[in-house]
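Only one structure is covered here, and it is reproduced in the block below.
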There are 2 protein chains.
Amino acid sequence: MITNETIELQTAANILKILGDKTRLAMVKIVSENECCVCEFVDLFDMSQPAVSQHLRKLRDSGIVKERRKGQWIYYSLNTSYPYYSFVLQIIKELPSQHYRIEELEAQGKRVTCCDE
Amino acid sequence: MITNETIELQTAANILKILGDKTRLAMVKIVSENECCVCEFVDLFDMSQPAVSQHLRKLRDSGIVKERRKGQWIYYSLNTSYPYYSFVLQIIKELPSQHYRIEELEAQGKRVTCCDE
DNA sequence: TCATTGTATAAGTATATTCTTATATATGCA
DNA sequence: TGCATATATAAGAATATACTTATACAATGA
């Protein structure tokens, strides 16, 4: 019977499971490059607002991303204080940059900008 | 401009989803350290043979692991020819070694040994 | 050949996941 | 205050996942 070290495996499996969804994986990559709010994800993924919100909740509940309210908007970003931040980073650094998506949003005038940062 | 080789989002998500299960993640770590056969996994995970077999099928179908028949036994090992082998390796190298599990099997005389390797 | 052992597959079930629609909550502004 | 916008949550439905039990297939050895 196995007694120890299973917690770390379990932790890793939990993280991988959360990242094992194309939408969430893209979200994490995106927020690692640009702070992003919910309505932007709705545009980016052409997905309903509740669906986006529920994916973000999973990411937030796990601790992988963090949120910051700015007026009406809630901005999501990678949680650099997450205990397994480096593990997450190691995975997402292998992924192609998604910055072009943000640039496309900007080109369409759909980027939510906070001019008073 | 440095062009790192990246892995497509969908591909990465598929791999992460497969690894996002504690049993399969442990299996992959284990076969990265020791070639292992089905009945050994049954002992290691205290899990039914069909359940083990179904997890291994997912890993095999994805290409992450490969099999080698040796008489009645089918040995599984990490597929080093897998196109995303390095991606997988980068993840599992973060996991604690599971070699002690194999050693425990050996101590119990449950390790299937092929003396004629 | 037949029985045994190791492994794979099939079918069914319980649970988990990911959407949907409807509604609630929070903020900003006229 | 009242309304619009941004976001979250609740409830339900369709689908996916991971087991179960039963059975099939493959190799070995008497």
Side-chain angles (χ1 to χ4, degrees), chain A residues 9-10 13-28 31 35-62 64-77 105 109-116, chain B residues 9-10 13-28 31 35-62 64-77 105 109-116:
Chain A
L9 262 181
Q10 182 68 72
N14 288 344
I15 295 169
L16 296 173
K17 185 181 215 169
I18 287 179
L19 298 181
D21 173 277
K22 190 189 177 187
T23 300
R24 286 194 296 268
L25 190 60
M27 284 174 161
V28 172
V31 300
E35 217 179 20
C36 213
C37 71
V38 181
C39 57
E40 290 171 326
F41 284 125
V42 171
D43 280 333
L44 283 170
F45 298 121
D46 195 26
M47 188 177 256
S48 76
Q49 179 268 319
V52 165
S53 198
Q54 284 157 18
H55 280 301
L56 286 169
R57 181 166 56 168
K58 286 200 172 193
L59 290 171
R60 177 171 30 83
D61 285 354
S62 73
I64 294 171
V65 307
K66 64 174 192 282
E67 61 176 41
R68 176 177 73 94
R69 182 177 274 279
K70 183 82 181 179
Q72 288 172 285
W73 297 275
I74 296 178
Y75 286 87
Y76 285 88
S77 58
L105 270 194
K110 290 180 177 172
R111 177 83 166 139
V112 175
T113 47
C114 275
C115 304
D116 55 338
Chain B
L9 269 177
Q10 183 66 72
N14 288 344
I15 295 169
L16 296 173
K17 185 181 216 169
I18 287 180
L19 297 181
D21 173 277
K22 188 189 174 186
T23 300
R24 285 193 295 269
L25 190 60
M27 283 173 161
V28 171
V31 299
E35 218 180 18
C36 213
C37 69
V38 180
C39 58
E40 290 171 326
F41 285 125
V42 171
D43 280 334
L44 283 170
F45 298 122
D46 197 25
M47 187 178 258
S48 76
Q49 177 268 317
V52 166
S53 197
Q54 284 158 17
H55 280 301
L56 286 169
R57 180 166 56 169
K58 287 203 171 193
L59 292 170
R60 178 171 29 84
D61 285 354
S62 73
I64 294 171
V65 307
K66 64 175 192 282
E67 60 177 40
R68 175 177 74 94
R69 182 177 274 278
K70 184 82 180 179
Q72 287 172 286
W73 296 275
I74 296 178
Y75 285 87
Y76 285 87
S77 58
L105 270 194
K110 290 180 177 172
R111 178 83 166 137
V112 175
T113 46
C114 277
C115 304
D116 54 338

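Per chain, numbering begins at 1; letters A, B, ... match sequence-line order. Note that this is a predicted model, so its numbers are computed, not measured.
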Open item on the list: Is there, by distance only and without an angle test, a donor paired with an acceptor across the side chain of B:Gln72 and the base of D:dT28 below 3.5 Å?
Closed with: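 For B:Gln72, whose side chain was compared with the base of D:dT28, there is no donor-acceptor pair (under 3.5 Å).
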Open item on the list: Quiz question: going by heavy-atom distance under 3.5 Å, is there a donor-acceptor pair between the base of C:dT17 and the side chain of A:Gln54?
Closed with: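 Side chain to base: no pair present.
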To the nearest 0.5 Å, tell me how far [X] [atom1] sits from [Y] [atom2].
X       : Y       : atom1 : atom2 : result
B:Asp43 : B:Cys37 : CG    : SG    : 9.0 Å
B:Gln10 : A:Thr23 : CD    : OG1   : 8.5 Å
B:Ile74 : B:Leu56 : CD1   : CG    : 9.5 Å

I want to verify a distance call: between [options], whose nearest atom is closest to the [X] side chain?
X       : options                : result
A:Asp21 : D:dA27, C:dT9, C:dT18  : C:dT18
A:Gln49 : C:dA8, D:dT7, C:dG6    : D:dT7
B:His55 : C:dT7, C:dT27, D:dA18  : D:dA18
A:Arg24 : D:dT7, D:dA18, C:dT18  : C:dT18
A:Ser48 : D:dA6, C:dT21, C:dA8   : C:dT21
A:Lys17 : C:dT9, D:dA26, C:dA16  : C:dA16
A:Pro50 : D:dT20, C:dT21, C:dT18 : C:dT21
A:Ala51 : C:dT20, D:dT7, C:dT9   : C:dT20

May I have the distance from [X] (atom [atom1]) to [N] (atom [atom2]), rounded to whole angstrom?
X        : N      : atom1 : atom2 : answer
B:Arg57  : C:dG6  : CZ    : P     : 21 Å
A:Glu67  : C:dT27 : CD    : P     : 11 Å
B:Trp73  : D:dC25 : CH2   : P     : 22 Å
B:Arg68  : C:dG6  : CZ    : C1'   : 15 Å
B:Lys70  : D:dT28 : NZ    : C1'   : 14 Å
B:Lys22  : D:dC19 : NZ    : C1'   : 16 Å
B:Tyr75  : C:dG6  : OH    : P     : 11 Å
B:Lys110 : C:dG6  : NZ    : C1'   : 16 Å

TODO: May I ask you to say what A:Tyr76 touches in the nucleic acid, namely base, sugar-phosphate or nothing, with a heavy-atom cut-off under 4.0 Å?
DONE: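 Sugar-phosphate, no base atom in range.
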- [ ] Look at all strands and tell whether B:Lys58 reaches a base, only sugar-phosphate, or nothing, counting heavy atoms closer than 4.0 Å.
- [x]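 Answer is sugar-phosphate: B:Lys58 comes under 4.0 Å of backbone atoms only.
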Open item on the list: Among A:Arg68, A:Glu40, A:Glu67, A:Glu35, exactly one meets side chain to side chain donor-acceptor pair (under 3.5 Å) together with A:Tyr76. Which residue is that?
Closed with: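 That would be A:Glu67.
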Task: Test item: A:Cys36 and A:Arg111 side chains (from C-beta on) under 4.5 Å apart, heavy atoms - done: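 Yes; the side chains approach each other to less than 4.5 Å.
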